Each structure stands twice: as C-alpha cells, then as structure tokens.
Amino acid sequence: MTAYPLTDVTLVLGPPLHDSPAFRDFQQLAADGRGMADHPWVSHEHEAVNSLTVRDGTVATHTLLETIVGGVLGVAVIIADLERQWVRHADGGLYAAITFSSEDVRPRAAGRALHEAGAIEALNAVGASLSSLDGRAWLAWSSRTVTDTPDDEQTMRITRLMGTIAGVLFDGPDARDVPHGPAEAAEVDVTGDLLRAIALGCRHAEDSGISLVAELRWLRHRDPLRVEWHHVHLDAFFLAALPAEQVEATLATGAPGALAFLYVGRDRTDRLKVDPFITPRFHRELAVRTYLTAYALQRLAPQASRRLLSAMRITPY
C-alpha cells in the first residue's frame with residue numbers, strides 16, 4: 001500500500017498595524033474565555049476573510065486568495081474548498097485564519113507544489129509585503145503534511161458514510177417511499193430524488209456542524225474516496241462554468257429537473273444512456289452522487305450554485 005501526502009495550508013490574519021480598541025477588547029475577552037459572537041472585531045475579520053475568499057460568479061473569476069497563491073506558484077489556480085476558523089497563534093492571540101487542502105487546488109500540479117517548504121517560504125515573503133497594504137502587522141502562512149495510507153477502517157467508514165447519506169435522502173422524514181421490487185423500480189422517476197439530493201447537499205455545504213458533514217470533510221481526500229472525490233470536483237467545475245444560455249437550453253429540453261441529471265456524473269450518465277433501467281441500488285447511488293456534487297459545487301462557487309438552484313426551482317434553506 002502506497003502512502004499519499006496530504007498538505008493543509010493555513011493563512012493567519014495577524015493583528016492590525018495600528019492600535020485598535022476593538023482588537024484589544026476582543027483579545028481580552030478571548031483570554032477570559034467570554035462570549036464574542038457579536039463582537040465588532042468578529043464582524044471585521046469576517047469581512048476580511050470574505051474579501052479574500054468569496055468568488056464573484058463562476059470559476060472564470062478568481063478570488064484574491066487564489067490570485068495570491070497563483071502569483072507565487074506562477075500559474076492560475078482555483079481553490080475548490082477551504083475552511084474559515086479562529087486559531088491560537090504563537091503569540092497567544094486569537095486570530096482569523098483560512099485553511100485549504102493541497103487536494104483542493106487546481107491544477108493538481110499546483111497542489112503538489114504546496115507540499116514543498118519553499119512554497120510556504122515564498123508565500124510568507126509575499127505576505128510580508130501584503131500585510132502592510134492590508135493594515136496588518138503580519139500575515140503568516142504555514143503548512144502541515146500527513147501521509148494517508150489505505151486501511152480497512154477508512155474503507156468501512158466511507159461505506160458507512162455513503163449509507164448514512166442514502167439513509168438521510170431516502171429514509172428521512174421528508175423522503176418518499178422508494179420501491180424495492182425490480183418491476184416497480186423500472187417505473188421510478190428519480191428526478192424528485194435528485195432534486196432533493198441537490199437541496200440537501202447545498203444545505204449541508206453551509207453547515208459543517210453536522211456529524212455527517214464532518215465525517216465527509218475528513219474522509220473526502222482519503223483512500224479510497226479520493227479518486228471519486230476528484231471526479232466529483234470535475235463535475236462541480238463543469239457545472240460552475242455553465243454559461244447561462246446552456247442552462248436555458250437544458251431547461252428547454254424538459255422540466256426544471258432536467259438540470260439535475262448533470263449532477264450525477266459522466267460515468268453514471270453514460271450507464272443510463274446504455275441501459276435506462278434503474279435498480280433500487282443504482283437509484284440510491286445516483287442520489288448520493290448528486291448530493292456529493294451539489295455539496296462540492298456549493299463550496300466551490302456559491303453564486304453559480306444558487307443560479308442553478310433557482311433554475312431548478314429549489315429552495316435549500
């Protein structure tokens with residue numbers, strides 16, 4: 001079994017360059033362990049993180065974070081997913097931070113370059129220049145690499161996770177009954193299930209506190225889900241890049257649910273073209289894959305995702 005490197009890259013937004021009463025008060029509350037959810041500095045840093053990470057439209061546009069990373073690596077990059085969080089720095093302060101995995105960076109060669117210490121050194125060199133422009137004393141980049149080795153426990157966890165997602169989609173309080181006999185299954189219209197999977201995937205993309213989502217986030221880059229997640233990302237990129245006229249053309253071929261089949265992935269679409277008969281097992285597989293694509297698309301390009309949701313008349317929130 002081959003060990004596979006996974007690198008998490010973190011950018012910590014340092015303190016303001018000049019004295020800030022709001023920052024000092026926030027740090028004092030943090031040191032005292034008191035609540036800070038509505039503190040002005042939280043709002044300030046929320047806006048700062050958004051200015052770096054929010055994508056304005058499709059993947060044809062780049063975030064400021066992608067521009068910085070791409071400038072250092074010498075290639076235009078897309079960061080398909082990231083985490084926003086608060087971290088304790090070496091100076092004891094609590095700071096806003098952004099973390100992303102090398103596996104979420106495209107092109108993949110750029111992601112592999114982030115395994116190298118030289119890339120982090122170069123990012124910190126740029127950060128030293130950008131920090132003063134951003135009115136901060138410093139911006140700190142760091143990385144942490146772990147090796148993922150295939151094992152039976154991960155395989156079992158991934159199998160349970162896929163079963164859990166299917167259970168939520170088909171056995172939850174809002175799920176209609178799914179036929180189990182082959183004769184009935186042949187007449188099933190899966191469109192409604194795909195639409196529900198899209199809605200749930202988008203909703204879960206915005207709520208990392210759900211245990212199912214936490215498990216997905218940990219396992220998505222581990223073996224054996226890694227290859228499948230790469231294909232999920234490819235489909236999310238395709239959907240995020242769809243021009244408005246193609247969306248309208250797809251809708252013109254049928255009901256709003258016609259777009260939903262773009263979420264199931266090329267391999268499964270090809271299987272449907274060869275044999276439109278859908279077994280109960282394949283029915284669930286289509287819905288789970290649709291959920292994963294919707295989740296990835298919402299994380300990658302929320303505006304593009306919402307445009308498709310609107311076209312399909314889906315309200316996930």
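These numbers come from the heavy atoms of this one structure, side chains and all, not from hydrogens, waters or symmetry mates. Keep in mind the model is a prediction, meaning the values are calculated, not measured.
- For the pair Leu130 and Leu139, the minimum side-chain heavy-atom distance is below 4.5 Å.
- Between Phe26 and Trp86, the angle of the ring planes lies from 30° to 60°, which puts this pair in the tilted group.
- Leu195 and Ala260 get closest at one heavy-atom pair: CD2-CB, 3.9 Å.
- When side chains are defined from C-beta on, Ile210 counts as touching Asp207, because their heavy atoms get closer than 4.5 Å.
- Not one N or O on the side chain of Ser102 forms a donor-acceptor pair closer than 3.5 Å with the backbone of Leu6.
- Under the 4.5 Å side-chain criterion, counting only non-hydrogen atoms from C-beta, Arg226 is in contact with Asp148.
- Gln154 places a side-chain N or O within donor-acceptor distance of the main-chain N or O of Asp223, the cut-off being under 3.5 Å.
- With rounding to the nearest 0.5 Å, the separation of NE2 in His233 from CZ in Arg220 is 6.5 Å.
- Partner of Ile198 under the side chain to side chain contact (heavy atoms under 4.5 Å, CB included) criterion, chosen from Thr290, Leu297, Asp193, Leu259: Thr290.
- Leu94 and Leu13 are not part of a single hydrophobic cluster, where members link through side-chain heavy atoms under 4.5 Å apart.
- In this structure, Ser310 contributes its side chain and Arg307 its backbone to no donor-acceptor pair below 3.5 Å.
- Of the charged side-chain nitrogens involved, at least one lies within less than 4.0 Å of a carboxylate oxygen, so that Arg284 and Asp171 count as a salt-bridged pair.
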Go through it in stages, so that I can follow the logic: the residues are Thr10 and Ile98, the test is side chain to side chain contact (heavy atoms under 4.5 Å, CB included), and I'd like the CA-CA distance, side-chain angles, deciding distance and then a yes or no. CA-CA 6 Å; Thr10 298; Ile98 302 163; over 6 Å; no
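- Hydrophobic cluster membership differs between Leu300 and Trp229, with clusters built from Ile, Leu, Val, Met, Phe, Trp and Tyr side chains linked at under 4.5 angstrom.
- Counting all heavy atoms, side chain and backbone alike, Val77 lies closest to Gly70 at CG2-N, 3.8 Å.
- Using modelled atom types, one side-chain atom of Asp91 and one backbone atom of Gly93 make a donor-acceptor pair closer than 3.5 Å.
- Two residues are said to be in side-chain contact when any heavy atoms from C-beta on lie closer than 4.5 Å; Val264 and Thr293 fail this criterion.
- Considering only heavy atoms from C-beta on, Cys202 comes within 4.5 Å of Ser305 through its side chain.
- Other residues, nucleotides and ligands contribute over 12 non-hydrogen atoms within 6.0 Å of the CG atom of Asp19.
- Nearest approach of Ala119 to Ala113, heavy atoms of both residues: CB-O, 3.6 Å.
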Given the rule in the side chain to side chain contact (heavy atoms under 4.5 Å, CB included) test, do Glu228 and Leu225 qualify, once you have shown the distances and angles that lead to the verdict? CA-CA 5 Å; Glu228 178 69 14; Leu225 189 55; 4.1 Å; yes
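- The pair Asp152-Arg157 does not count as a salt bridge, with every side-chain nitrogen at least 4.0 angstrom from each carboxylate oxygen.
- Side-chain atoms of Arg136 never come within 3.5 Å of backbone atoms of Leu133 as a donor-acceptor pair (strictly under, hydrogens ignored).
- Taking a cutoff of 4.0 Å between a charged side-chain nitrogen and a carboxylate oxygen, Glu83 and Arg217 qualify as a salt bridge.
- From Arg281, atom CZ reaches atom CD1 of Ile278 across 15.0 Å, with rounding to the nearest 0.5 Å.
- Contacts of Glu66 classified as salt bridge (charged side-chain N to carboxylate O under 4.0 Å, His left out), with partners at least two apart in sequence or in another chain: Arg55.
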Apply side-chain hydrogen bond (donor to acceptor under 3.5 Å, both in side chains) to residues Thr53 and Arg84 and explain how you reach the verdict. CA-CA 9 Å; Thr53 61; Arg84 301 165 178 85; 3.1 Å; yes
List the steps and the verdict of side chain to side chain contact (heavy atoms under 4.5 Å, CB included) for Leu161 and Leu216. CA-CA 7 Å; Leu161 174 63; Leu216 173 61; 4.0 Å; yes
What's the verdict on side chain to side chain contact (heavy atoms under 4.5 Å, CB included) for Leu234 and Arg266, showing C-alpha distance, side-chain angles and the deciding distance? CA-CA 10 Å; Leu234 289 177; Arg266 178 174 296 179; over 6 Å; no
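- By the 6.0 Å and 45° rule, Arg289 does not stack over the aromatic ring of Tyr263.
- Although no hydrogens or angles enter the test, the distance criterion places no donor-acceptor pair under 3.5 Å between the side chain of Arg268 and the main chain of Gly265.
- Pairing each heavy atom of Val49 with each of Ala96, the nearest pair is CG2-CB, 4.2 Å.
- Residues Ala296 and Val232 share a closest heavy-atom pair of CB-CG1, 3.7 Å.
- Side chains of His221 and Asp104: a donor-acceptor N/O pair is present below 3.5 angstrom, by distance only.
- Side chain of Arg313 to main chain of Leu309: no donor-acceptor pair is present (N/O by atom type, distance under 3.5 Å, no hydrogens or angles).
- The shortest side-chain heavy-atom distance between Leu65 and Leu11 falls under the 4.5 Å cut-off.
- By the 4.0 Å N-to-carboxylate-O rule, Asp8 lies too far from Arg144 to be salt-bridged with it.
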Apply the test side-chain hydrogen bond (donor to acceptor under 3.5 Å, both in side chains) to residues His62 and Thr67: give CA-CA distance (whole Å), side-chain angles for both, the deciding distance (0.1 Å), then the verdict. CA-CA 6 Å; His62 290 273; Thr67 301; 5.7 Å; no
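- In the hydrophobic clustering of this structure, Val12 does not group with Ile79; members are Ile, Leu, Val, Met, Phe, Trp, Tyr whose side-chain heavy atoms approach within less than 4.5 Å, directly or through other members.
- Residues satisfying the ring-ring contact (aromatic ring centres under 6.0 Å, His included) criterion with Phe23, sequence neighbours excluded, are Trp41.
- With hydrogens and angles left out, the side-chain atoms of Arg24 and Ser20 include no donor and acceptor closer than 3.5 Å.
- Looking only at atom types and distance, the side chain of Gln27 has no donor-acceptor partner in the side chain of Tyr95 under 3.5 Å away.
- Salt-bridge annotation for Arg160 and Glu215: absent, with no side-chain N of the basic residue lying under 4.0 Å from a carboxylate O of the acidic one.
- Tyr291 and His204 share a donor-acceptor pair across their side chains, judged by distance under 3.5 Å alone.
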Check the pair Glu285 / Arg271 against salt bridge (Lys or Arg N to Asp or Glu O under 4.0 Å), numbers first and verdict last. CA-CA 12 Å; Glu285 182 181 328; Arg271 285 170 61 183; 3.3 Å; yes
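- In this structure, the side chain of Asn124 engages the main chain of Trp141 through a donor-acceptor pair within 3.5 Å.
- Looking at every heavy atom in both residues, Gly35 comes nearest to Leu29 through O-CD1, 4.4 Å.
- Follow the hydrophobic side-chain contacts under 4.5 Å out from Val105 and you never reach Phe237; the two are in separate clusters.
- No side-chain heavy atom of Thr63 sits less than 4.5 Å from a side-chain heavy atom of Leu52.
- Side-chain heavy atoms closer than 4.5 Å link hydrophobic residues (I, L, V, M, F, W, Y) into clusters, and following such links, possibly through other members, connects Leu73 to Phe100.
- Atom NE2 of His46 has 12 or fewer neighbouring heavy atoms from other residues, nucleotides or ligands inside a 6.0 Å radius.
- Side-chain atoms of Tyr295 and Glu206, non-hydrogen and from C-beta on, never get closer than 4.5 Å to each other.
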Output, in order, the C-alpha distance, side-chain angles, deciding distance and verdict of side-chain hydrogen bond (donor to acceptor under 3.5 Å, both in side chains) for Asp267 and His231. CA-CA 10 Å; Asp267 290 345; His231 292 297; 5.3 Å; no
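- A distance-only check finds a donor-acceptor pair linking the side chain of Asp151 to the backbone of Glu153 [under 3.5 Å].
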